[in-house]
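Single-structure report; data block below.
In what follows, chains carry the letters A, B, and so on, assigned in the order in which the sequence lines appear, proteins first and then strands, with residues in each chain numbered from 1.
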There are 2 protein chains.
Amino acid sequence: MTNDTHRPLTLRDVSEATGVSEMTVSRVLRNRGDVSDKTREKVLAAAKELGYVPNKIAGALASSRVNLVGVIIPSLSNMVFPEVLTGINRVLENTDLQPVVGVTDYQPEKEEKVLYEMLSWRPSGVIIAGLEHSDACRAMLSAAGIPVVEIMDTDGKPVDAMVGISHRRAGREMAKAILKAGYEHIGFLGTKMPLDHRARKRFEGFTEALAKEGVEIEDRAFYSGGSALAKGREMTRDMLDRSPDLDFLYYSNDMIGAGGLLHLMDQKVDVPGEIGLAGFNGVELLDGLPRRLATMDACRQEIGRKAAEIIALRLDNPEAEIEKNVTLVPTIDYGDTLKRW
Amino acid sequence: MTNDTHRPLTLRDVSEATGVSEMTVSRVLRNRGDVSDKTREKVLAAAKELGYVPNKIAGALASSRVNLVGVIIPSLSNMVFPEVLTGINRVLENTDLQPVVGVTDYQPEKEEKVLYEMLSWRPSGVIIAGLEHSDACRAMLSAAGIPVVEIMDTDGKPVDAMVGISHRRAGREMAKAILKAGYEHIGFLGTKMPLDHRARKRFEGFTEALAKEGVEIEDRAFYSGGSALAKGREMTRDMLDRSPDLDFLYYSNDMIGAGGLLHLMDQKVDVPGEIGLAGFNGVELLDGLPRRLATMDACRQEIGRKAAEIIALRLDNPEAEIEKNVTLVPTIDYGDTLKRW
DNA sequence: ATGAAAGCGCTAACAT
DNA sequence: ATGTTAGCGCTTTCAT
């Protein structure tokens, strides 16, 4: 309670206050080795009294152990990644590891910068979204010599391990379900994000499965910025103005899908009879809508949990055999907007 | 490209590869001091070739400078804090500071732990949500000797500086607007979070302003967990079953308010004629709903930006006179669910 | 059960 | 423009 000089306290201060060597103080503070109860108590009391906070920078340098796990994600603004983070947190909470988050805004250059910064803190592991990275990123990741888990997507080859779903398959499955339900004139609505590889892969899987049955997408639209719900309304209205024959709309995310649904309900359109709808992600929000949008769960929390488990396990036992490819399989939730056949 | 031993590279490796002293290599890598172009290029080439990533742990220890800003928030799961983070990021992007986020789940013990962990990395500043902290937290914050900005709320006394809005005032203003519009039988719907002090203060301000006009809340309900939109529907239905005379519902957040709105629209209730509604936060989502819920913007991005600016400014010039109390004043957005008088 | 010495990888400060 | 020296605050290792 008395640190007049505004210099942060060091072990030495605690040592001097107690007459115990720095080394023993360090032992007490880390619960290491044998320390007599008497000394332990004296040290703990002094540390608390002084308000000593250990310096992890020095500790990490001396021990070359850093209890940090770098987590690199493209965005915080659509609930998908916060949920992944929650999953990661849940697992790391029970270890002495701490997540440190970096955001790339879907920009490869920024990803490179964020990764570089992160690695310069010598974390014990890295969890990074996506499988598409610059050569430099891949090089840094392998050179780091630490466990690396690439998450969200499993359509590709990871540097080390990967946990996610196949977005191509997700797109294909949805296309099959739509065709099976008898829809034939299909429109696609998505985000204008050339660098969102997962959205791209869903789209590719989707068109590919349609093509296999001789069906082609008849209209498409992409948006960027603004409220997804509002954009979903607008885009849906515009698309149906333009292409009144469409009988199904596939949205690249649930929020724009929900906007579309609200628009069609306003218009008293028969959903899913006249027009069917489906989105992607399985967001919680959908539960509160007047009708439940058909969707597919992206397994966000589970991906976070599994990825964190892999890191934790590896650090605990570097020799352990570990699954390098964890592909979760989401199922279609038909909700109320996609006819069942 | 050739690091066979899996030891991370050091300055010394670059030094040996180039025949330039470690010190000069260090200068090149940090763009410090005078280095000849020839040497600079040689060093940069070697560093890149080897794939050298500086060790910030060692750098920070040697220079006692850590370009980290700790950001401590209660939750990632309701879009409020991700938006604050976005504001913080926007500002710190243009500096050499890096945010590091810790999440407390609204638990004081966890806040203490997260703060302790954070401070043990000796960050250059801290941004922390709320003004209510344990004595231990307040002690740590003042002892750290770094700029501290408490955000979101300005109803109280900060350790150092604060940026936010007055939630008490927000509640009062909304109460006044509701009374002015002629509503008289008011219900309140909120979250079951005794530790969400900002929600509590809004509630207090709200009831206080009602009381001043001799009005009391006639019914109230609190929820926890689940989809806020769905809960808003349920709670609204239940409350109106229970208290059919209510003519206004005040929700502690926009998501449950939106749920209530959807429910009332389903029921063909005349909003805002028969029943008025208001929420809090000004979430983007509202733009896409069939009607716009009345709300009050919580200035989330701006709070993040201002807080980060204070930290950046202080670090840049510790002497600068800085505003210690930045109280933003949100205005009521009447939307389509609160009559104007 | 406790202490002393060396050093983690870098940078500040001072040479040259 | 470049190099040398001495730490930063801890932990590892080895002694006692």
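- In this structure, CZ of B:Arg32 is placed 13 Å from C1' of C:dC10, rounded to the nearest angstrom.
- When distances run from any side-chain atom of A:Met23 to the nucleotides C:dT2, C:dG3, C:dA12, the shortest one goes to C:dG3.
- Taking only side-chain atoms of A:Arg27, from C-beta outward, the nucleotide of C:dC10, D:dT13, D:dT12 with the closest atom is D:dT13.
- Under 4.0 angstrom from either OP1 or OP2 of D:dT12 there lies at least one side-chain N or O belonging to A:Arg65.
- Between A:Thr24 and the phosphate of C:dA1, there is no side-chain N or O to OP1/OP2 separation shorter than 4.0 Å.
- Distance NZ (B:Lys56) to P (C:dT11): 10 Å, rounded to an integer number of Å.
- Computed from coordinates, the B:Lys38 NZ to D:dT2 P distance equals 8 Å when rounded to whole Å.
- Here the side chain of A:Ser120 pairs no donor or acceptor atom with the backbone of B:Val53 at under 3.5 angstrom.
- Projected onto DNA chain D by closest heavy-atom contact, A:Asn55 and B:Gly33 fall at different nucleotides, the more 5' of which corresponds to B:Gly33.
- Under a 3.5 Å cut-off, the side chain of B:Ser15 and the backbone N or O of B:Leu11 do not form any donor-acceptor pair.
- Residue A:Lys42 contributes atom NZ, which lies 12 Å from atom C1' of C:dT2 at whole-angstrom precision.
- Distances were taken from every side-chain heavy atom of A:Ser21 (C-beta onward) to each of D:dT4, C:dA12, C:dG3; the shortest belongs to C:dG3.
- No donor-acceptor pair closer than 3.5 Å links the side chain of A:Ser64 to the backbone N or O of A:Leu61.
- One finds a side-chain N or O of B:Arg30 lying less than 4.0 angstrom from the OP1 or OP2 phosphate oxygen of C:dA12.
- One interatomic measurement links the two molecules: CZ of A:Arg12 to P of C:dA5, which rounds to 13 Å at whole-angstrom precision.
- Within the 4.0 angstrom heavy-atom criterion, only backbone atoms of the sugar-phosphate kind lie near B:Ser63; the bases stay farther away.
- The side chain of A:Leu61 approaches C:dC8 more closely than any other nucleotide in the set D:dT2, C:dA1, C:dC8.
- Between the side chains of B:Asp13 and B:Thr10, at least one donor-acceptor pair of N or O atoms lies under 3.5 Å.
- A salt bridge links A:Glu16 with A:Arg12: the distance from a Lys NZ or Arg NE/NH1/NH2 to an Asp or Glu carboxylate oxygen falls below 4.0 Å.
- OP1 or OP2 of C:dG9 has not a single side-chain nitrogen or oxygen of B:Tyr52 nearer than 4.0 Å.
- Between A:Ile57 atom CD1 and C:dT11 atom C1' there is a gap of 14 Å when expressed in whole angstrom units.
- Between B:Ser64 and B:Arg40, the residue anchored nearer the 5' end of DNA chain D, judged by the nucleotide with its closest heavy atom, is B:Arg40.
- Within the structure, a side-chain polar atom (N or O) of B:Thr39 is placed less than 4.0 Å from OP1 or OP2 of D:dT2.
- Backbone-only engagement by A:Thr10 is indicated by non-hydrogen atom pairs under 4.0 Å involving sugar-phosphate atoms exclusively.
- Side chain of A:Ala62, nearest nucleotide from D:dT2, C:dT11, D:dG9: D:dG9.
- Under the 4.0 Å criterion applied to side-chain N and carboxylate O atoms, B:Arg65 and B:Asp96 are not assigned as salt-bridge partners.
- Here C:dG7 presents its C1' atom at 13 Å from CD of B:Glu22, a figure rounded to the nearest Å.
- Atom CG in B:Leu29 sits roughly 9 Å away from atom P in C:dC10 (whole-Å rounding).
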